[in-house]
Amino acid sequence: PAPPGWLPALQLLRRGSKAVTRHWKAMHFQRQKLLAVTEYVPPRPAVPPRCLPAPRDHPQEEDGYARLLRRQVEQVFRSSRMVAVCQYNSMPDEDMVTMRHYLRKHNIEVKFVLNEIVRPVLAQSKYRNLLPLFVCRNILLVSPETRAREMLRVLKGIPQVNLLGACIDDTILSRQGVENFARLPSLEASQGQTVGALALLPSQTSSLLQRGPSHLTALLDEHIRRLRDTGAPGEPPPEQGKGNH
């Protein structure tokens with residue numbers, strides 16, 4: 001016999017899963033019949049569902065804050081002569097403050113809008129053609145004056161803000177249209193050119209009408225001067241004319 005406290009050098013230990021004693025077994029057909037017979041069958045409704053009127057959806061009450069934002073958007077489009085739609089990408093706060101500062105110098109304000117707020121407003125207004133521009137994160141550059149040239153000059157140095165289109169004096173323009181509009185002269189210069197063009201036509205007409213009489217008057221004056229210098233043939237001297245009387 002082994003002395004107490006002695007352990008064999010090799011020990012066999014059984015490790016692993018337990019023996020499976022339960023296997024899947026098909027249900028007896030009599031039990032299947034019993035379950036099929038005792039299965040609950042709900043009663044049929046007296047009126048088929050397709051014959052019933054459609055349930056009315058209770059309209060959800062509009063949020064007061066959303067209604068306030070829509071009113072603000074309507075006021076912006078109503079009181080601004082220029083509304084530019086721009087795609088806005090993330091940019092540092094310092095750059096945003098700088099952009100707002102330069103735009104405010106030209107009386108241009110930056111408005112952050114949500115698509116779910118501005119789209120219903122545009123769909124019921126005359127600016128519905130601007131709806132395709134509101135598909136991402138957008139901002140509005142609004143001004144009570146047409147400051148397209150100044151706006152493009154500021155946005156030229158900000159690649160995070162891309163001009164998509166604008167509405168200037170109730171006219172919807174693309175980006176190219178805004179650039180063409182910015183190249184036009186100012187309103188005062190255009191009015192001066194128009195007044196000058198309108199005044200040129202009457203002056204030319206007046207000069208044309210006066211050219212004939214002036215030319216005729218000059219010819220008659222020249223003819224009279226020549227007659228005085230040479231003397232008219234067959235005309236008696238002034239002294240003889242006095243003696244006859």
Side-chain angles (χ1 to χ4, degrees), residues 57 59-197:
D57 298 334
Q60 299 180 355
E61 296 184 0
E62 187 179 9
D63 187 10
Y65 182 64
R67 187 164 55 251
L68 175 62
L69 294 179
R70 291 193 182 97
R71 291 178 182 175
Q72 292 179 355
V73 173
E74 293 176 357
Q75 181 63 25
V76 166
F77 277 89
R78 190 182 304 113
S79 60
S80 301
R81 294 181 59 189
M82 184 185 73
V83 180
V85 184
C86 300
Q87 179 185 1
Y88 173 72
N89 300 314
S90 298
M91 58 187 303
D93 296 339
E94 295 80 5
D95 296 344
M96 174 56 67
V97 172
T98 304
M99 182 186 73
R100 283 191 166 186
H101 171 71
Y102 284 113
L103 290 175
R104 195 176 291 113
K105 283 185 175 181
H106 304 292
N107 199 14
I108 302 175
E109 296 292 335
V110 180
K111 301 289 185 181
F112 286 87
V113 295
L114 299 175
N115 292 342
E116 55 268 20
I117 297 297
V118 70
R119 289 182 67 88
V121 176
L122 296 180
Q124 301 176 1
S125 66
K126 57 184 178 181
Y127 308 107
R128 62 178 60 92
N129 290 335
L130 290 174
L131 285 174
L133 302 181
F134 292 90
V135 295
C136 56
R137 191 178 182 186
N138 302 101
I139 59 174
L140 299 180
L141 305 182
V142 300
S143 175
E145 305 174 5
T146 56
R147 300 284 186 172
R149 185 182 295 105
E150 294 80 0
M151 178 187 65
L152 292 176
R153 189 182 303 117
V154 174
L155 294 181
K156 186 177 181 180
I158 305 175
Q160 294 87 350
V161 179
N162 301 319
L163 178 64
L164 302 178
C167 179
I168 301 177
D169 287 339
D170 295 335
T171 302
I172 297 177
L173 302 174
S174 62
R175 178 185 177 91
Q176 186 63 38
V178 175
E179 294 177 354
N180 296 336
F181 180 84
R183 298 190 189 99
L184 297 177
S186 61
L187 181 60
E188 293 76 9
S190 300
Q191 291 176 349
Q193 294 176 0
T194 303
V195 172

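With R104 contributing its side chain and V110 its backbone, the two residues share no donor-acceptor pair below 3.5 Å. No donor-acceptor pair closer than 3.5 Å links the side chain of R81 to the backbone N or O of E145.
With rounding to the nearest 0.5 Å, the separation of CZ in R119 from CG in L133 is 10.0 Å. A distance of 6.5 Å separates SG in C86 from CG in L164, rounded to the nearest 0.5 Å. The distance from atom OG1 of T98 to atom CG of L103, rounded to the nearest 0.5 Å, is 10.5 Å. Separating the CG atom in N180 from the OG atom in S174 is a distance of 7.5 Å, to the nearest 0.5 Å. The distance from atom CG of N115 to atom CZ of F134, rounded to the nearest 0.5 Å, is 7.5 Å. Distance check, rounded to the nearest 0.5 Å: CG of L152 to CZ of R175 gives 7.0 Å.
Listed here is the closest heavy atom pair of S90 and Q160: O-CG, 3.7 Å. Shown here for P132 and V135, the closest heavy-atom pair between the two residues is O-CG1, 3.5 Å. In terms of heavy atoms, N162 sits closest to P159 at OD1-O, 3.2 Å.
For the pair T146 and F181, the minimum side-chain heavy-atom distance is below 4.5 Å. Contact annotation: the side chain of V85 approaches that of L140 to within less than 4.5 Å [non-hydrogen atoms, C-beta and beyond]. Contact check for M91 versus V161: side-chain heavy atoms found under the 4.5 Å cut-off. No side-chain heavy atom of V113 sits under 4.5 Å from any side-chain heavy atom of V76. Contact annotation: the side chain of Q72 never approaches that of K111 to less than 4.5 Å [non-hydrogen atoms, C-beta and beyond]. The closest side-chain heavy-atom distance from E150 to N107 is not below 4.5 Å. In this structure, the side chains of M151 and L163 come closer than 4.5 Å at one or more pairs of heavy atoms. Side-chain contact between F77 and K126 is absent, with no heavy atoms from C-beta onward closer than 4.5 Å.
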| said: Apply side chain to side chain contact (heavy atoms under 4.5 Å, CB included) to residues R137 and Q87 and explain how you reach the verdict. | reply: CA-CA 6 Å; R137 191 178 182 186; Q87 179 185 1; over 6 Å; no
| said: The test is side chain to side chain contact (heavy atoms under 4.5 Å, CB included); show your working for R153 and K156 and say whether it passes. | reply: CA-CA 5 Å; R153 189 182 303 117; K156 186 177 181 180; 5.9 Å; no
| said: If you apply the rule side chain to side chain contact (heavy atoms under 4.5 Å, CB included), what do you find for I158 with D95, and how did you get there? | reply: CA-CA 8 Å; I158 305 175; D95 296 344; over 6 Å; no
| field | L141/L155 under side chain to side chain contact (heavy atoms under 4.5 Å, CB included): CA gap, chis, key distance, verdict | value | CA-CA 11 Å; L141 305 182; L155 294 181; 3.9 Å; yes
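Counting non-hydrogen atoms of neighbouring residues, nucleotides and ligands closer than 6.0 angstrom, the OH atom of Y65 reaches no more than 12 such neighbours. Within 6.0 Å of OH in Y102 there are 12 or fewer heavy atoms belonging to other residues, nucleotides or ligands.
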